[in-house]
Amino acid sequence: MKKSVVITFTAAIFFVAALAITLLLFNGEKPPAMTDSEYDISGEKGQNEISGTTGSESEESEVRVKTGDGYHELYNIISATYGYIGDGSFAADTGPRLHNLINAGDTDELPLIAWDEDFSIDVPEDLDILSIECMTADGKIVLGLYEDAVKREGVELKESGLKNYKEYFSELPQGVYYVAVEVYRQGRYIEAENEYEYSLEQYAFSLDFSGD
């Protein structure tokens, strides 16, 4: 069963902090609105790759991993939500990311998935993928693949990283890694504000990579 982790703060107190997070994540701009086109970063169409599936309901869609054993549900971490409360005030909730769980030693519920030649990440087309990060047991990012071209401290930028994720995964040394697939989920359209509510979510799992 998919798990969710949410940490909620009082919206009014953290209004300024939420705006700062938004600027940091998106360089002052929110990710583009959804379109009906597929976001196929694998270069192939179909359910076995990123992306190619469509959830019947936005709130029900989820990222999954496919291997030769079939599809695997992942651990869902809601990292941030941005929207409006009843009186029209802006509200923001922020929560953890995978590295916070690793640092806290709270990774027992992450599904362990073995790498094989059929490995693929399946992202529904109503979600926008922002990044894939592979971390060690101490939370160090050993592979970071990003939708944008912003340099992350200590992380080498990979050319067409998200599209070529399987190639970069296959180059990892043998071992077990923690992986987070971060996505942008568009929410309700607020006509009075002429914008959409949205959330940032990570889908996490442990990857047992033998290198075979």
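- Here the CG-CG distance, from Leu207 to Leu110, works out to 12.0 Å after rounding to the nearest 0.5 Å.
- Looking at Phe205 and His72, their side chains never come closer than 4.5 Å, going by heavy atoms from C-beta outward.
- Contact between Phe209 and Pro173 at its shortest, heavy atoms only, is CD2-O, 3.6 Å.
- Contact annotation: the side chain of Cys134 never approaches that of Tyr178 to less than 4.5 Å [non-hydrogen atoms, C-beta and beyond].
- Exactly one residue among Ile129, Asp122, Ile121 makes a side chain to side chain contact (heavy atoms under 4.5 Å, CB included) with Val63. That residue is Ile121.
- Ring geometry, Phe119 versus Phe169: the interplanar angle falls from 30° to 60°, so the pair is classed tilted.
- Taking the six-membered ring for Trp and the full ring otherwise, Tyr184 and Tyr198 have centroids separated by under 6.0 Å.
- For Glu171, the CD atom is densely surrounded, since the number of other residues' heavy atoms within 6.0 Å is greater than 12.
- The existence of a salt bridge linking Glu182 and Arg97 is confirmed by a sub-4.0 Å separation between a basic side-chain nitrogen and an acidic carboxylate oxygen.
- Relative to the six-membered ring of Tyr196, Arg188 misses at least one condition, a distance below 6.0 Å or an angle of at most 45° to the axis.
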Pair Glu201-Tyr203, side chain to side chain donor-acceptor pair (under 3.5 Å): steps then yes or no = CA-CA 7 Å; Glu201 302 177 23; Tyr203 285 84; 3.2 Å; yes

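- Between Glu167 and Tyr165, the closest side-chain pair of non-hydrogen atoms is not below 4.5 Å.
- Under a 3.5 Å cut-off, the side chain of Asp106 and the backbone N or O of Leu101 do not form any donor-acceptor pair.
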Run the side chain to side chain contact (heavy atoms under 4.5 Å, CB included) check on Tyr189 and Glu191 step by step: do they pass?
-> CA-CA 6 Å; Tyr189 176 70; Glu191 186 173 0; 3.9 Å; yes

Verdict with supporting geometry, Leu98 and Glu133, side chain to side chain contact (heavy atoms under 4.5 Å, CB included) | CA-CA 9 Å; Leu98 177 58; Glu133 293 182 337; over 6 Å; no

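- For the pair Lys151 (side chain) and Val155 (backbone), a donor-acceptor distance under 3.5 Å is present.
- Scanning both residues, Ala204 and Leu74, for their nearest heavy atoms gives O-CB, 3.7 Å.
- Using a distance-only test at 3.5 Å, with no hydrogens or angles considered, a donor-acceptor pair links the side chain of Ser79 to the main chain of Pro96.
- A distance of 6.0 Å separates NZ in Lys166 from OG in Ser120, rounded to the nearest 0.5 Å.
- Ser61 and Asp126 are linked by a side-chain donor-acceptor pair at a separation below 3.5 angstrom, with hydrogens and angles left out of the test.
- The two residues Asp116 and Asp118 come nearest to each other via the heavy atoms OD1-N, 2.9 Å.
- Taking OG1 from Thr107 and CG from Asn103, the interatomic distance works out to 10.5 Å, rounded to the nearest 0.5 Å.
- Here the side chain of Arg185 pairs no donor or acceptor atom with the backbone of Val183 at under 3.5 angstrom.
- Using a 4.5 Å cut-off on side-chain heavy atoms (C-beta onward), Asn164 and Tyr168 make contact.
- Using a 4.5 Å heavy-atom cutoff, the side chains of Ile77 and Asn100 are not in contact.
- Contact of the Val179 side chain with the Ile132 side chain is registered, since non-hydrogen atoms from C-beta on lie closer than 4.5 Å.
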What do the steps show when you test Ile113 against Asp208 for side chain to side chain contact (heavy atoms under 4.5 Å, CB included), and what is the final call?
-> CA-CA 6 Å; Ile113 300 174; Asp208 183 0; over 6 Å; no

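- Among all heavy-atom pairs drawn from Ile190 and Tyr84, the shortest one is CG1-CD1, 3.8 Å.
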After noting the C-alpha distance and the side-chain angles of Thr136 and Ile102, does the key distance pass the side chain to side chain contact (heavy atoms under 4.5 Å, CB included) rule?
-> CA-CA 9 Å; Thr136 56; Ile102 295 174; over 6 Å; no

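- Residues Leu130 and Leu200 meet the side-chain proximity criterion, which asks for heavy atoms closer than 4.5 Å.
- Classification of Glu62 and Arg64 as a salt-bridged pair fails, no side-chain N sitting under 4.0 Å from a carboxylate O.
- Distance check, rounded to the nearest 0.5 Å: CD of Gln186 to CG of Asp128 gives 8.5 Å.
- Annotation: side chain of Tyr177 is not in contact with side chain of Met135 (no heavy-atom distance under 4.5 Å).
- Across all their heavy atoms, Ala114 and Thr67 have their closest contact at O-CG2, 3.8 Å.
- The salt bridge (charged side-chain N to carboxylate O under 4.0 Å, His left out) check on Lys140 picks up nothing, with sequence neighbours excluded.
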